[in-house]
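Quick notes on the structure that follows.
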Amino acid sequence: MYTIQPTEEQRAAVDSFRKFLESEVRPIAKEYRDRHIPKEKMREITQGIAEFGLPGASLPEEFGGMGLSMVTEGMLFEELCAVSLDIGLCVMINKGLPAFLASLPSEQHHLRDKYLADVLAGRTFGGACISEPDVGSNVADIKTTARRDGDHYIINGEKTWISNGHYSDWLIVTARTGPNSLTHFLVDRKEHGYETRNIDKIALNGQSTAQVFFTDCRVPASNILWAEGEALKNTMKIFEKARANVGMLSVGIARASLECSIAYSKERKQFGKPIAAHQLIAAKIAEMATKVDAARLMCFRAFSMMDDGIRCDVQSSMAKWFATEMAVKVCRDAVQIHGGNGLTKEFDVERLAREAIVIPIPDGTTEIQKLMISRALTGIGAFV
Ligand SMILES: Cc1cc2nc3c(=O)[nH]c(=O)nc-3n(C[C@H](O)[C@H](O)[C@H](O)COP(=O)(O)OP(=O)(O)OC[C@H]3O[C@@H](n4cnc5c(N)ncnc54)[C@H](O)[C@@H]3O)c2cc1C
């Protein structure tokens with residue numbers, strides 16, 4: 001159960017991670033502001049971060065994780081995202097995959113044994129391929145096909161918006177194996193082959209969001225995860241965790257823009273006093289801080305339920321839409337507090353505001369989260 005106040009252990013873990021981030025990661029994030037971080041460089045960073053527990057902090061020790069709580073992992077993750085959302089997003093994808101691999105049934109342990117340790121150590125990058133050019137919110141419409149051919153499947157199709165896509169050494173691909181059957185395959189770039197191309201966006205170009213192309217990609221049937229036709233059910237389990245994590249990364253950037261705003265409002269003088277002494281700016285700071293705290297608590301509630309083994313799709317969806325939309329507003333207010341300076345590349349709030357706009361879209365848009373929450377509450381779906 002999450003007790004609101006962090007424990008001594010949590011405080012110590014956060015403090016030492018924060019020191020590492022300030023000395024080792026912030027300078028790199030600054031150097032690569034708005035520029036793609038090459039794979040080798042990203043690998044150096046993720047290997048360093050892995051020493052502090054991400055991506056495997058909450059994974060049980062028997063699988064190579066640290067056996068910490070999801071709440072503690074969330075605290076560490078907020079610190080990372082407050083320093084670099086590019087790196088945070090890359091680590092978040094690698095954070096979602098270990099639990100996926102660890103939960104595979106015994107006949108698929110060869111996949112766990114082959115891929116888990118490297119991703120936990122930050123040496124390799126995975127990704128999850130659901131979205132396609134014509135398939136966004138409606139996941140059930142997936143068109144990428146996997147056709148059985150003896151003891152293999154042949155995958156054909158195009159995926160898009162795939163986080164870590166260009167970095168990826170392997171991907172979990174959702175493909176159609178029948179009219180009503182979607183299946184997860186683990187596809188290895190070297191062994192089975194696929195092409196990737198980065199997508200240029202308004203922000204977050206330091207990490208990789210990519211198109212992925214599968215052309216007669218031949219994958220052994222033993223690389224199916226769980227069983228044929230089980231992808232949709234398992235995708236919902238992934239979303240439960242992913243959505244609270246996307247909420248947490250929004251808390252990270254909103255907190256960063258709040259900290260910038262507090263510092264600037266004390267330093268910048270207009271009408272003969274710091275702008276923090278003007279009541280409308282003071283109110284903005286108070287509102288921003290309250291919203292950041294509210295979003296953080298919602299994320300921690302979802303993580304705490306996960307720690308207790310309680311399914312929390314609704315709480316996770318609430319945390320996701322609230323925190324991501326909160327970050328859009330808070331990061332926008334931070335630009336306003338900085339006046340004209342806030343629009344320039346000299347100040348981080350410009351970048352943070354662009355990053356915030358991106359985050360309500362992945363892992364189910366704000367609209368989709370609200371539809372899911374209301375369906376759970378009323379029992380009536382309003383999707384179509
Ligand atoms: C940075 C980033 C990273 C991503 N990473 C991944 C990844 O790793 N793997 C992956 O598979 N995908 C990834 N995605 C894709 C993401 O999941 C989709 O963009 C998202 O699901 C929305 O799909 P879409 O962009 O096609 O929008 P659409 O589904 O076309 O939606 C367009 C608009 O219509 C609204 N809308 C759609 N249906 C309804 C409805 N029934 N009722 C009301 N409104 C509706 C949406 O909310 C949205 O506002 C990523 C996207 C981004 C931006």
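What you are looking at is a predicted structure, and each value in this text was computed from that prediction instead of being measured. In listed order, ligands and their atoms are each counted from 1. Here, residue 1 is the first one in the sequence, and each next residue gets the next number.
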[atom]: which protein heavy atom is closest, and how many Å away?
atom: atom 6 (C) of ligand 1; result: Trp161 O, 2.7 Å
atom: atom 29 (O) of ligand 1; result: Ser137 OG, 2.7 Å
atom: atom 42 (N) of ligand 1; result: Leu371 CD1, 3.4 Å
atom: atom 39 (C) of ligand 1; result: Ile368 CD1, 4.0 Å
atom: atom 23 (O) of ligand 1; result: Gly136 CA, 3.2 Å
atom: atom 1 (C) of ligand 1; result: Val358 CG1, 3.5 Å
atom: atom 20 (C) of ligand 1; result: Ile361 O, 3.6 Å
atom: atom 10 (C) of ligand 1; result: Ser131 OG, 3.4 Å

Check the surroundings of atom [atom1] in [X]: do more than 12 heavy atoms from other residues, nucleotides or ligands lie under 6.0 Å from it?
X: Gln47; atom1: CD; value: yes
X: Lys30; atom1: NZ; value: no
X: Lys201; atom1: NZ; value: yes

Using the side chain to side chain donor-acceptor pair (under 3.5 Å) rule, take Thr144 and Glu132 through it: C-alpha gap first, then chi angles, then the decisive distance, then the call. CA-CA 8 Å; Thr144 294; Glu132 300 179 356; 2.7 Å; yes
For ligand 1, is there an N or O atom under 3.5 Å from any N or O atom of [X]?
X: Leu89; value: no
X: Ile130; value: yes
X: Ser163; value: yes
X: Phe383; value: yes
X: Glu367; value: yes

Would you call the rings of Phe100 and Trp226 parallel, tilted or perpendicular, where under 30° means parallel and over 60° means perpendicular? perpendicular
Do the ring planes of Phe52 and Phe17 sit parallel (below 30°), tilted (30 to 60°) or perpendicular (above 60°)?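 Because their plane-to-plane angle lies in the 30° to 60° range, the rings of Phe52 and Phe17 count as tilted.
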Over all heavy atoms of both residues, which pair between Ala50 and Gly122 is shortest? Give the atoms and the distance, please.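 Residues Ala50 and Gly122, closest heavy atoms: CB-N, 4.2 Å.
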Test log, rule salt bridge (charged side-chain N to carboxylate O under 4.0 Å, His left out), inputs Lys114 and Glu191: CA-CA 13 Å; Lys114 189 166 171 184; Glu191 284 180 31; 2.5 Å; yes
Using a 4.5 Å cut-off on heavy atoms from C-beta on, say whether the side chain of Thr183 contacts that of Tyr153.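 Counting from C-beta outward, Tyr153 and Thr183 never come under 4.5 Å.
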Could you tell me whether the side chain of Val119 reaches within less than 4.5 Å of the side chain of Trp170, counting heavy atoms only? yes
Under a 3.5 Å distance rule, please check whether Asn223 uses its side chain to pair with a backbone N or O of Leu186 as donor and acceptor.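 At least one qualifying donor-acceptor pair exists.
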[atom]: protein heavy atom closer than 4.0 Å?
atom: atom 3 (C) of ligand 1; value: yes
atom: atom 26 (O) of ligand 1; value: yes
atom: atom 45 (C) of ligand 1; value: no
atom: atom 32 (C) of ligand 1; value: no

Please confirm whether Ile162 comes under 4.0 Å of ligand 1, counting heavy atoms of the residue only. yes
Assess whether side-chain contact (heavy atoms from CB on, under 4.5 Å) is satisfied between Asp169 and Lys190, documenting all intermediate values. CA-CA 7 Å; Asp169 299 289; Lys190 272 199 196 128; 5.9 Å; no
Below a 4.0 angstrom heavy-atom separation, can you tell me which part of Ala128, side chain or backbone, both or neither, approaches ligand 1?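 Only the backbone of Ala128 comes within reach of ligand 1.
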Using a heavy-atom cut-off of under 4.0 Å, does the side chain or the backbone of Thr365 touch ligand 1, or both, or neither?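 The answer is the side chain.
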Does the ring centre of His166 sit less than 6.0 Å away from the ring centre of Phe125?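 Ring centroids of Phe125 and His166 are no less than 6.0 Å from each other.
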Could you tell me, atom by atom, which parts of ligand 1 come under 4.0 Å of a heavy atom of Asp363?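 The atoms of ligand 1 under 4.0 Å from a heavy atom of Asp363 are 17 (O).
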